[in-house]
K.L.:
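Next up is a structure, given as structure tokens.
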Amino acid sequence: MKFGLAYNTASHGTDPDLLSAAARHAENCGFESFYLSEHIVMYPGAELPGYIPLPPDLAVADPLECLAYLAAATSTLLLGTGVLLLPYHHPVVLAKQLATIDFLSRGRMSLLTIGLGVLPGEAAAIGVDFTTRGRRADEAIDVLRLLWGGDAAGVSFQGEFFSLTAACSFPKPHDGRILPIHVGGSSLAAARRAGRRGDGYFPGGRLTAEQRAGQITVMRAEAAAAGRDPAALEYTRWGQLDMTADEVQALASQGVTRLIISPRATEEADLAAELAGFARRLGLG
């Protein structure tokens with residue numbers, strides 16, 4: 001089992017010293033990865049599903065800028081998003097941003113997890129039709145991979161939302177690889193997208209055990225139908241700071257390959273103690 005840390009700038013603040021300290025503590029404790037989430041804009045009345053209000057002054061720092069900063073503060077920690085709102089990014093620009101982070105970090109931009117977004121006002125502010133965001137995401141995944149894999153002759157793509165002809169994108173990711181793309185979300189559509197196009201699936205936390213099992217079945221069936229190896233897809237889940245080794249083993253038996261936990265503490269000393277205690281109890285490192 002691999003373990004990652006999800007750091008929420010909305011709750012932990014945007015202090016760069018605490019952000020980098022959290023990443024270094026995670027790395028020193030044996031965590032594999034560090035995740036940041038994304039919201040591009042807020043607005044009065046914004047709510048997450050379940051009628052969870054979001055304050056309009058919620059400070060969510062840009063995840064890619066933060067990950068580039070953290071790449072310089074760490075040496076082995078894999079960099080992840082949980083999630084990046086893919087329909088709200090142009091894939092030609094995003095391909096360059098992600099390749100640059102991966103190139104500079106020597107191959108650590110390995111856990112890009114994409115989602116569609118659930119706030120209609122966020123889509124409207126960016127000029128994206130909220131109802132098209134699934135199709136936009138599918139096209140964007142294809143464009144990203146084309147650009148990362150293309151050579152000096154360029155690549156072309158004609159889709160509903162994106163069009164490019166003989167486009168060249170350099171530098172390439174580290175060692176010329178195609179960056180993995182994981183799919184996040186709590187819907188059957190997300191599970192299907194993960195099976196057809198993803199390198200892994202990171203379902204949301206507000207699912208019953210039955211719903212979760214059903215989605216993994218759908219993901220694997222879609223992968224097989226697309227001629228892909230279902231066993232090659234990683235399965236990431238949310239975990240808890242107080243989980244036991246037996247609980248981890250139970251999740252591993254269900255095919256989970258990575259658990260992501262979120263620190264509660266907002267002071268560096270307390271946060272370091274939380275991570276060290278978790279690592280000691282579960283034998284990280």
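These numbers come from a predicted model, not from an experiment. Along the sequence shown, residues are numbered consecutively beginning with 1.
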K.L.:
Listed by chain and number, what are the ring pair (Phe, Tyr, Trp, His ring centres under 6.0 Å) partners of Y235, not counting sequence neighbours?
P.N.:
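Result, ring pair (Phe, Tyr, Trp, His ring centres under 6.0 Å) vs Y235: none returned.
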K.L.:
Rounded to the nearest 0.5 Å, how far apart are CG of L58 and OG of S11?
P.N.:
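Taking CG in L58 and OG in S11, the distance rounds to 9.0 Å.
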K.L.:
Do M219 and L86 share a hydrophobic cluster, counting only Ile, Leu, Val, Met, Phe, Trp and Tyr and linking them when any side-chain heavy atoms are less than 4.5 Å apart?
P.N.:
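Same hydrophobic cluster.
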K.L.:
Can you establish whether the number of heavy atoms outside F161 located under 6.0 Å from its atom CZ is more than 12?
P.N.:
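Enclosed.
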K.L.:
Ignoring hydrogens, what is the shortest heavy-atom contact between G115 and P87? Give both atom names and the distance.
P.N.:
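Taking every non-hydrogen atom into account, O-CD, 3.3 Å.
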K.L.:
Is there a donor-acceptor pair closer than 3.5 Å between any side-chain N or O of E65 and the backbone N or O of D62?
P.N.:
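Side chain of E65 to backbone of D62: no pair is present.
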K.L.:
Before you tell me yes or no, could you show the steps for R133 and D138 under salt bridge (Lys or Arg N to Asp or Glu O under 4.0 Å), namely the whole-Å CA-CA distance, both residues' side-chain angles and the distance that decides it to 0.1 Å?
P.N.:
CA-CA 9 Å; R133 66 199 197 287; D138 288 343; over 6 Å; no
K.L.:
Would you check if there is a donor-acceptor pair between the side chains of T244 and D246 at a distance under 3.5 Å?
P.N.:
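Per modelled atom types, D246 and T244 side chains form no pair under 3.5 Å.
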K.L.:
Test of understanding: clusters of I, L, V, M, F, W, Y form through side-chain heavy atoms closer than 4.5 Å, transitively. Do F162 and L146 belong to the same one?
P.N.:
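Looking at the clustering, L146 is in the same group as F162.
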K.L.:
Where do V83 and V183 land on the side chain to side chain contact (heavy atoms under 4.5 Å, CB included) test, with the steps shown first?
P.N.:
CA-CA 8 Å; V83 296; V183 175; over 6 Å; no
K.L.:
Rounded to the nearest 0.5 Å, how far apart are CH2 of W148 and CZ of F170?
P.N.:
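Interatomic distance, W148 CH2 to F170 CZ, rounded to 0.5 Å: 14.5 Å.
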K.L.:
Run the salt-bridge test on R145 and D199 with the 4.0 Å N-O cut-off and return the result as yes or no.
P.N.:
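The answer is yes: the pair qualifies as a salt bridge.
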K.L.:
Could you list the residues that satisfy side-chain contact (heavy atoms from CB on, under 4.5 Å) with A124, not counting sequence neighbours?
P.N.:
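Result, side-chain contact (heavy atoms from CB on, under 4.5 Å) vs A124: none returned.
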K.L.:
Would you say that more than 12 heavy atoms from the other residues, nucleotides or ligands in this model lie under 6.0 Å from the CZ of R281, or not?
P.N.:
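Yes.
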K.L.:
What I'd like to find out is whether the side chain of Y201 reaches to under 4.5 Å of the side chain of Q215, using heavy atoms alone.
P.N.:
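Yes; the side chains approach each other to less than 4.5 Å.
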K.L.:
For the side chain of N28 and the backbone of R24, is there at least one donor-acceptor N/O pair under 3.5 Å apart?
P.N.:
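Yes, N28 side chain to R24 backbone: donor-acceptor pair under 3.5 Å.
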K.L.:
Sequence neighbours left out, what passes salt bridge (Lys or Arg N to Asp or Glu O under 4.0 Å) with R135? Give chain and number order.
P.N.:
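With neighbours one apart ignored, the set is E160.
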K.L.:
With distance as the sole test, does T217 use its side chain to make a donor-acceptor pair with the main-chain N or O of A213 at under 3.5 Å?
P.N.:
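Judged by distance alone, yes, a pair lies under 3.5 Å.
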K.L.:
So, taking the atom named CD1 in I101 and the one named CG in L64, what distance separates them when rounded to the nearest 0.5 Å?
P.N.:
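Between atom CD1 of I101 and atom CG of L64 there are 4.5 Å.
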K.L.:
Quick check: do T165 and Q158 have side-chain heavy atoms less than 4.5 Å from each other?
P.N.:
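Yes, close enough: below the 4.5 Å cut-off.
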K.L.:
Can you see which heavy atom on M243 is nearest to which on E247, and at what distance?
P.N.:
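Heavy-atom minimum between the residues: CA-OE1, 3.0 Å.
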K.L.:
Is the shortest heavy-atom distance from the side chain of L147 to the side chain of K96 under 4.5 Å?
P.N.:
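L147 vs K96: side chains apart.
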K.L.:
Begin with the C-alpha distance, continue with both residues' side-chain angles, and end with the deciding distance and a verdict on side-chain hydrogen bond (donor to acceptor under 3.5 Å, both in side chains) for S33 and R108.
P.N.:
CA-CA 9 Å; S33 47; R108 291 191 282 139; over 6 Å; no
K.L.:
Side chains of Y43 and E122: is there a donor and an acceptor less than 3.5 Å apart?
P.N.:
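No, E122 and Y43 have no side-chain donor paired with an acceptor closer than 3.5 Å.
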K.L.:
Taking all heavy atoms of L116 and all of G134, pick out the closest pair and write down the distance.
P.N.:
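Answer, listing the atom of L116 first, then G134: CD1-CA, 3.8 Å.
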K.L.:
Where does the angle between the aromatic ring planes of Y7 and H12 fall among parallel (under 30°), tilted (30 to 60°) and perpendicular (over 60°)?
P.N.:
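If you compare the ring of Y7 with that of H12, the planes turn out tilted.
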K.L.:
Would you sort out whether E222 and R228 count as a salt bridge (Lys or Arg N to Asp or Glu O under 4.0 Å), showing the intermediate values?
P.N.:
CA-CA 8 Å; E222 289 286 338; R228 310 178 72 215; over 6 Å; no
K.L.:
Taking atom CD of E267 as the centre, report whether more than 12 heavy atoms of other residues, nucleotides or ligands fall under 6.0 Å from it.
P.N.:
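It does not: E267 CD has 12 such atoms or fewer within range.
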K.L.:
Could you walk me through whether I141 and I114 pass side chain to side chain contact (heavy atoms under 4.5 Å, CB included), step by step?
P.N.:
CA-CA 9 Å; I141 290 172; I114 63 94; 4.3 Å; yes
K.L.:
Go through the steps for T81 and E38 under the test side chain to side chain contact (heavy atoms under 4.5 Å, CB included), then give the verdict.
P.N.:
CA-CA 8 Å; T81 57; E38 178 176 53; over 6 Å; no
K.L.:
Could you tell me whether the side chain of S156 and the main chain of A166 form a donor-acceptor pair under 3.5 Å?
P.N.:
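Yes, S156 side chain to A166 backbone: donor-acceptor pair under 3.5 Å.
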K.L.:
Check G117 against Y88 and note the closest heavy-atom contact, atom names and distance.
P.N.:
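That would be CA-OH, 4.3 Å.
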K.L.:
So is R280 actually on top of F278's ring, under 6.0 Å and inside 45° of the axis?
P.N.:
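Relative to the ring axis of F278, which defines the angle, R280 lies outside at least one limit.
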K.L.:
Do L282 and V248 have side chains that approach each other closer than 4.5 Å (heavy atoms only, starting at C-beta)?
P.N.:
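In contact.
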K.L.:
Measure the CZ-NE2 distance between R136 and H89 for me, rounded to the nearest 0.5 Å.
P.N.:
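The NE2 atom of H89 is 11.5 Å from CZ of R136, to the nearest 0.5 Å.
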K.L.:
CZ of F3 to CD1 of I261: how many Å apart, nearest 0.5 Å?
P.N.:
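Answer for the CZ-CD1 pair, F3 versus I261, is 8.5 Å.
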K.L.:
Against E32, only a single residue in L111, L259, L77, L5 fulfils side chain to side chain contact (heavy atoms under 4.5 Å, CB included); can you say which?
P.N.:
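Considering L111, L259, L77, L5, a side chain to side chain contact (heavy atoms under 4.5 Å, CB included) with E32 is found only for L111.
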K.L.:
As a quick check of understanding, evaluate side-chain hydrogen bond (donor to acceptor under 3.5 Å, both in side chains) for R177 and S110, giving each step before the final call.
P.N.:
CA-CA 10 Å; R177 67 185 184 136; S110 295; 3.0 Å; yes
K.L.:
Could you walk me through whether R264 and D270 pass the salt bridge (Lys or Arg N to Asp or Glu O under 4.0 Å) test, one step at a time?
P.N.:
CA-CA 9 Å; R264 299 188 185 106; D270 296 334; over 6 Å; no
K.L.:
Could you walk me through whether D15 and L19 pass the side chain to side chain contact (heavy atoms under 4.5 Å, CB included) check?
P.N.:
CA-CA 6 Å; D15 177 12; L19 176 62; over 6 Å; no
K.L.:
Can L112 be reached from I260 by stepping across I, L, V, M, F, W or Y side chains whose heavy atoms are under 4.5 Å apart?
P.N.:
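No.
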K.L.:
What's the shortest heavy-atom distance between C29 and L284, and which atoms?
P.N.:
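Distance-wise, the nearest heavy atoms are O-CB, 3.4 Å.
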K.L.:
Does the side chain of F202 reach to within under 4.5 Å of the side chain of R258, using non-hydrogen atoms?
P.N.:
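F202 vs R258: side chains apart.
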K.L.:
Quick check: is V60 connected to L48 through a chain of hydrophobic side chains (ILVMFWY, heavy atoms under 4.5 Å apart)?
P.N.:
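In one cluster with L48: V60, yes.
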K.L.:
Test of understanding: clusters of I, L, V, M, F, W, Y form through side-chain heavy atoms closer than 4.5 Å, transitively. Do Y69 and L94 belong to the same one?
P.N.:
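Y69 and L94: one cluster.
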K.L.:
Looking at every non-hydrogen atom in both residues, tell me the closest pair between G200 and A194 and how far apart they are.
P.N.:
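Scanning both residues completely, I find the closest heavy atoms to be O-CB, 3.9 Å.
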K.L.:
Kindly state whether the ring of F31 and the ring of H25 have centres lying under 6.0 angstrom apart.
P.N.:
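Not under 6.0 Å, so no.
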K.L.:
To the nearest 0.5 Å, what is the distance between OG (S105) and CG (L67)?
P.N.:
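CG of L67 is found 9.0 Å from OG of S105.
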K.L.:
Looking at V41, is its backbone amide N or carbonyl O close enough to the side chain of H39 to form a donor-acceptor pair, meaning the two atoms are under 3.5 Å apart?
P.N.:
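Side chain of H39 to backbone of V41, a donor-acceptor pair under 3.5 Å: no, none is there.
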K.L.:
Would you say S186 and R212 are linked by a side-chain donor-acceptor pair, where the criterion is simply a distance under 3.5 Å?
P.N.:
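R212 vs S186: no donor-acceptor pair found between side chains.
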K.L.:
Taking the side chain as every heavy atom from C-beta outward, state whether E47 and L54 have any atom pair closer than 4.5 Å.
P.N.:
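The answer is no, as the side chains (C-beta and beyond) never meet within the 4.5 Å cut-off.
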K.L.:
Are any non-hydrogen side-chain atoms of L36 and L70 less than 4.5 angstrom apart?
P.N.:
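Contact flag for L36/L70 side chains = yes.
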